[in-house]
Structures are given as C-alpha cells and as structure tokens.
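Below is one structure, written out as structure tokens; the observations come after it.
Just so you know, ligand 1 is whichever comes first in the structure, and atom 1 is the first atom listed for that ligand. Computation of the quantities below employed the complete heavy-atom set of this structure, encompassing side-chain atoms and omitting hydrogens, waters and symmetry-equivalent molecules.
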Amino acid sequence: MKNILVIGATGQIGSELTMELRKRYGNEHVVAGYIFGAEPKGELATSGPSGIVNVTDRQSIEVAVKKYEIDTIYNLVALLSVVAESRPAMAWKIGIDGLWNVLEVTREYGCAVFTPSSIGSFGESTPHVKTPQDTVQRPRTMYGVTKVTTELLSDYYHTKYGVDTRAVRFPGIISNVTPPGGGTTDYAVDIYYSAVKGEKFICPVKAGTFMDMMYMPDAMNAAISLMEADPARLKHRNAFNIAAMSFDPELIYATIKKHVPGFEMIYEVDPLKQSIADSWPDSLDDTCAREEWDWEPQYDLESMTVDMLEKLKAKLNK
Ligand code: AKB
C-alpha cells in the first residue's frame, strides 16, 4: 500500500486529486500538505491526515515524509503563467528551489515523485500543431522557463540518482470545484460560471486562439495512471504530452450556447494573456503517453460541457 503526500493539496488540482487519491488508496494513506494561510477545509480537512509542508522549507517536507512513511509525492505547487510574469522571483523560488528540495528529499528517502509540467513549457519556435513529444522548448515566459527546468531536473534526478520521477505536460484544466488563479487558460473555466449565472462573458483572448484543454477527471486520471505505470515501459522521465481537446473561444462558446441559448460573449483582449496563448501550442501529439502508459482521455468538449453545466447549476443553485 502506498503512503502518499500531496504538496499543494488545497490548490486547483490538489484539492480534487487529494480526495480522489483517498478514495483509491484509503483516507489514512494520503496526507494533504498545505501552507500557512491555505489550510484545508471541509471534507479535505476531516477525511484524512494533513500538515504544513512548504516546498521552500526542506525540513517541513522531510518531517512529513518521515512521520507518515511516505513513498510517493505529488508536488503540485507552482505559480500559474500570468501571475508568474508579475512575480518571476517567486515563481522560481517555489517552482525550482522548491522542486530542488522535493527532489533531494525523494532521493534520500526513496520516494517516487510527480511534478507537472505544462503546455507552457513550449514557445514560439515550437511546432504549434500536433506538437511532438520531443521538440524545441524555448519559452519566453518565466512560467515556461520554470517548467522546462522542472522537466530537466526530473530527467537529471532519474538518470543520475535513479529517482522515480514522472510528469505530464498539463493543458488548461477545467473543473467545477476549485477555480484556477492567474493562468492563461482560466477563461475556459470562467466562461462556464458566466453561462450558468446568466452573465455576459468577456473573453480575454481572441477568436482563433486554440489551446489544449482537459477536464479535471481526465487530468487526475492521467496523474494517477502515470504514477501506477510499469516503470520498465517509461522512456520519458521529463514529462509526457497529454491531450484531450483543443478549442478556441468561438468553439467553446458555440458548445455552451447549444445548452444555454441566450448566452452572450464579447471580446476584450488582455495583451499579456494573448501573447502567452499565442506562444503556446494549438494542440499536442500525445502518442508517447498512449504507447508508454496507455493514456486515454474520457471527456471531449461536448461531454465536458454537459457535465460542467450540470455540476455548476447545482453548486450555484441555478
Ligand atoms: C496556465 O494557464 O498558466 C495553466 C497552464 C496551461 O499551465 N493553466
């Protein structure tokens, strides 16, 4: 049986992944690591163990690993792309100095570790359509710089020290539970809230801006299946391309409008978000993930939209 530590357990992915891991491995086997000021609440707080784990403080990671005899870490802390541009030093400190601490602890205690990369690890000079697994990675955002470094460090710790590092390049993640904060793809979550609240949606990126996106259940499955995969089959230790759907604002708007006929959208382009989005791939080629650990998403844009609208209506009493 695994003992798992989720670092960043109260964040966008962590809050749902921690609960999913508890369902699969047992509540007592999954520790929710959080920082001061971002304490777990509700079921996340009551259903299993939790403790302060700050990636910038190596000792706090070590204490949790020893106390709970952790063998697997999901390291989910990072500043998202837009916020990282305004706080580059903090993005580096959390994303890379923090990762260094996590990797050193995993090396010492023999843990497996999952640290996500992102479509943000690519840049203008990357082929944008069906972006290959192994290709040019020259991002010009601090978020991208930290994600490429994350991938290189994961590779390094695996080849040099044999640490069981695994990762995926997450696309924009869409969820009806914890909202994202400070990402370029956040609009694809916000648009559903506007539709359900009966508000006009103001879209911050232009029509024709295609990006890869994924529904949270698929994102969680990706992380867990990769961590469960037979290591002998894994050729890539930096991060795998994974893909589920690619759309631009017009396509997601039209899909929602089929279910919410009066829904309206206008554009007010945010130049920073637009320039980041323009530098990212339109769609990823996820063949390696499919071949090396049987990755297969369940949701497309239509089925995700039906589920999102239903869940948000219930959540917002609409
Ligand atoms: C962001 O928009 O910054 C993230 C990502 C795609 O990595 N959602």
Side-chain angles (χ1 to χ4, degrees), residues 8 11-17 74-88 90-92 94-96 98-99 114-124 126 128 131 137 139-151 154 167-193 203-206 209-220 222-223 238-249 252 269-284 286 289 297 301 304 308:
Q12 187 207 1
I13 302 175
S15 54
E16 284 182 70
L17 185 64
Y74 287 81
N75 170 29
L76 304 175
V77 290
L79 296 190
L80 292 184
S81 53
V82 175
V83 111
E85 281 311 282
S86 59
R87 305 180 71 192
M90 183 59 83
W92 183 270
I94 294 173
I96 302 307
L99 173 60
F114 176 87
T115 310
S117 181
S118 155
I119 53 172
S121 68
F122 298 112
E124 277 97 0
T126 301
H128 275 224
T131 301
Q137 288 182 281
R140 294 206 183 123
T141 59
M142 182 45 71
Y143 183 65
V145 169
T146 62
K147 288 304 179 190
V148 175
T149 311
T150 295
E151 293 192 18
S154 292
V168 296
R169 294 177 180 134
F170 275 136
I173 295 174
I174 295 163
S175 148
N176 46 64
V177 181
T178 308
T184 306
T185 57
D186 294 7
Y187 93 87
V189 179
D190 300 339
I191 192 169
Y192 286 104
Y193 278 85
C203 186
V205 291
K206 283 192 274 197
T209 308
F210 279 82
M211 287 184 279
D212 261 310
M213 305 277 179
M214 185 174 289
Y215 200 27
M216 184 62 96
D218 278 333
M220 292 195 294
N238 56 329
F240 284 93
N241 280 2
I242 50 170
M245 63 189 91
S246 167
F247 55 76
D248 81 325
I252 186 172
V269 172
D270 175 320
L272 176 59
K273 287 186 180 169
Q274 187 64 49
S275 73
I276 296 175
D278 286 343
S279 75
W280 288 357
D282 296 0
S283 60
L284 299 190
D286 61 0
L301 179 54
M304 175 180 76
M308 273 298 278

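Considering F170, Y187, Y143 only, the shortest heavy-atom separation from atom 7 (O) of ligand 1 involves Y143.
Of the protein's heavy atoms, T185 OG1, 2.9 Å lies nearest to atom 8 (N) of ligand 1. Ranking protein heavy atoms by distance to atom 3 (O) of ligand 1, first place goes to S81 OG, 2.6 Å. Distance from atom 2 (O) of ligand 1 to its nearest protein heavy atom, with residue and atom name: T184 N, 2.7 Å.
Residue R169 holds its CZ atom at 12.0 Å from CG of D212, rounded to the nearest 0.5 Å.
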Going through the distances and angles, do E151 and Q137 end up as a side chain to side chain contact (heavy atoms under 4.5 Å, CB included)?
CA-CA 11 Å; E151 293 192 18; Q137 288 182 281; 3.4 Å; yes

For T209 and W280: C-alpha separation, side-chain torsions, deciding distance, then whether side chain to side chain contact (heavy atoms under 4.5 Å, CB included) applies.
CA-CA 10 Å; T209 308; W280 288 357; over 6 Å; no

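Using modelled atom types and a 3.5 Å distance limit, the side chains of S15 and T178 yield a donor-acceptor pair. Side chains of T131 and T126: no donor on one and acceptor on the other come within 3.5 Å.
Residue S118 has at least one nitrogen or oxygen atom sitting less than 3.5 Å from a nitrogen or oxygen atom of ligand 1, judged on distance alone.
Atoms of ligand 1 lying under 4.0 Å from at least one heavy atom of W280, given by number and element, are 1 (C), 2 (O), 3 (O), 6 (C). For ligand 1, the atoms closer than 4.0 angstrom to any heavy atom of I119 are 6 (C).
Using bins of under 30°, 30° to 60° and over 60° for the plane-to-plane angle, the ring pair Y187/F247 lands in the perpendicular bin.
Contact annotation for V82 and ligand 1: no heavy atom of the residue comes within less than 4.0 Å of the ligand.
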